[in-house]
Number of protein chains: 2
Amino acid sequence: MPVNKPGARNGANPRKAAARAEQAGPAAREMPMREFSRSLPMALLRAREAVMRHFRASLRKHGLTEQQWRILRALGGVETIEVTELARSAYLLGPSLSRILRDLEQRGLIERRSVKTDLRRGLVSISARGLSLIEAVAPSSEAIYAEMTRRYGAERLAALHEMLSALEASLADMPLPGNGHLNDEDDASL
Amino acid sequence: MPVNKPGARNGANPRKAAARAEQAGPAAREMPMREFSRSLPMALLRAREAVMRHFRASLRKHGLTEQQWRILRALGGVETIEVTELARSAYLLGPSLSRILRDLEQRGLIERRSVKTDLRRGLVSISARGLSLIEAVAPSSEAIYAEMTRRYGAERLAALHEMLSALEASLADMPLPGNGHLNDEDDASL
DNA sequence: AGATTTCATTTAACATGTTAATCATATTCC
DNA sequence: GGAATATGATTAACATGTTAAATGAAATCT
């Protein structure tokens with residue numbers, strides 16, 4: 001999975017150190033950008049990691065990574081699903097999904113076949129073994145979720161979900177930088 | 001950095017497909033868990049990706065990855081910093097940081113030495129070349145940020161930051177699952 | 001002082017993220 | 001109906017995430 005858990009070995013709150021490092025002391029440099037700690041991607045990353053680290057241990061006991069678990073959960077909700085749609089559903093890129101499906105198939109957790117009318121398309125479904133694994137993992141996962149909801153507050157959690165959705169929506173139609181002629185290739189050599 | 005951009009090739013909103021795949025149709029399966037789309041880690045991941053994809057192209061033009069940029073930014077705010085503190089500041093794990101610092105040093109973007117009184121500790125600072133690279137990247141980065149703020153709303157953005165911080169705080173002292181005797185090793189063979 | 005332990009960093013090994021390229025099958029165009 | 005094109009999936013290549021182990025140096029113990 002794609003998230004980090006820095007500072008865990010030191011047991012300290014990463015935010016404290018970050019703020020300290022940024023605090024413009026006498027010898028601090030002039031920053032041409034906003035302070036680091038205000039970075040939205042960083043805030044989202046840290047929040048996600050704060051959540052995920054609680055699930056990782058549980059998943060690990062069952063020999064699953066976060067992405068593998070996302071796939072199983074997505075498969076648990078349908079009879080069969082095409083690979084492309086599964087990629088969207090589990091929010092994975094094609095290459096990652098290909099690798100993971102290969103592994104999950106070898107472990108007997110999923111089954112694959114192809115669409116008769118279009119041999120390019122692959123169909124994926126969960127196996128009985130995969131289903132029982134879901135049932136084995138789900139309880140502790142739900143328990144962790146419940147405790148998080150209790151601590152953070154159900155309403156606050158719902159509001160956060162709403163704000164995150166709204167953020168996605170706000171940026172969905174924002175044009176990406178033009179990817180111009182790449183004439184800045186000089187910088188790449190730095 | 002660690003985030004994905006699935007469905008980009010199809011240009012569709014991932015949420016639509018996800019919701020569709022989850023929508024319990026007649027043949028849908030009974031789910032022992034909450035619906036996929038309500039997963040908080042997924043929501044944070046998608047939001048983060050919605051933000052990051054706008055920065056990736058700009059960084060790429062300058063030959064930087066998201067993590068390399070986080071490190072340069074962190075270094076830009078201080079004269080020197082120890083490796084451990086840099087890891088916290090840039091929110092990277094030690095191994096990732098080691099690899100990236102090696103690369104950035106080879107590219108002449110940073111400089112390294114060790115603490116005289118404790119040869120275990122490494123000191124890192126940004127080079128003149130690294131500083132000019134920051135100055136080259138910062139404007140477009142700030143412009144993207146400004147446009148995002150305009151679209152989402154400055155107040156809403158501040159509220160989101162606050163809620164993310166609160167989430168981190170809420171979960172900071174939540175006990176991690178006991179990592180018991182690992183007697184469930186059977187499941188790992190699935 | 002020498003052995004043990006702790007600490008900072010790096011290396012190793014494997015899984016995933018990310019982009020580009022490849023491969024096979026379908027579709028379209030002429 | 002065969003060449004060109006488009007599409008779904010995989011593979012390739014490189015960077016990072018993640019955990020465990022190794023390395024080197026400092027602190028502690030006796």
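Numbered from 1 within each chain, the chains take letters A, B, ... in sequence-line order.
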Roughly how many Å is it from CD1 in A:I81 to P in D:dG8, rounded to a whole number? 14 Å
With sequence neighbours left out, write down each residue that passes side chain to side chain contact (heavy atoms under 4.5 Å, CB included) with A:R102, or none if nothing qualifies. A:R99, A:Q106
Measuring to OP1 and OP2 of D:dT10, would you say a side-chain N or O of A:R121 lies under 4.0 angstrom away? no
Listed by chain and number, what are the side-chain hydrogen bond (donor to acceptor under 3.5 Å, both in side chains) partners of A:S140, not counting sequence neighbours? A:S58
Round to the nearest Å and state the distance from A:L123 atom CG to D:dG8 atom C1'. 12 Å
Taking CE from A:M52 and P from C:dT16, how many angstroms apart are they, rounded to a whole number? 12 Å
Quick one: A:L86 CG to D:dG8 P, roughly how many Å, whole number? 15 Å
Taking atom P of D:dT16 as reference, at what distance in whole Å does atom CD1 of B:I71 sit? 8 Å
Side-chain hydrophobic cluster, 4.5 Å single linkage: members besides B:L123: B:V115
With sequence neighbours excluded, residues passing side chain to side chain contact (heavy atoms under 4.5 Å, CB included) with B:S127: B:E111, B:R129
Just to be sure I understand the geometry, which residues of residues 113-120 of chain B put a non-hydrogen atom under 4.0 Å away from DNA chain D? B:D118, B:L119, B:R120
Within this structure, what is the CZ-to-P distance between A:R60 and C:dA15, rounded to whole angstrom? 12 Å
Could you tell me whether a side-chain N or O of B:T149 sits under 3.5 Å from a main-chain N or O of B:Y145, the two making a donor and an acceptor? yes
Using a strict heavy-atom distance below 4.0 Å, which residues from residues 95-104 of chain A are in contact with DNA chain C? A:P95, A:S96, A:R99, A:I100
CD-OH distance between A:E49 and B:Y91, expressed to the nearest 0.5 angstrom: 4.5 Å
Under 4.0 Å from OP1 or OP2 of C:dA15: is there any side-chain N or O of A:R56 that close? no
Side-chain N or O of B:R53 less than 4.0 angstrom from OP1 or OP2 on C:dT19? no
Could you tell me which residues satisfy side chain to side chain contact (heavy atoms under 4.5 Å, CB included) with B:R156, sequence neighbours excluded, listed by chain and number? A:E162, A:M163, A:A166, B:Y152
Main-chain N/O of B:S170 paired with A:R151 side-chain donor or acceptor, under 3.5 Å: yes
Going by the rule salt bridge (Lys or Arg N to Asp or Glu O under 4.0 Å), which residues pair with B:D103 if we only count those two or more places apart in sequence or in a different chain? B:R107
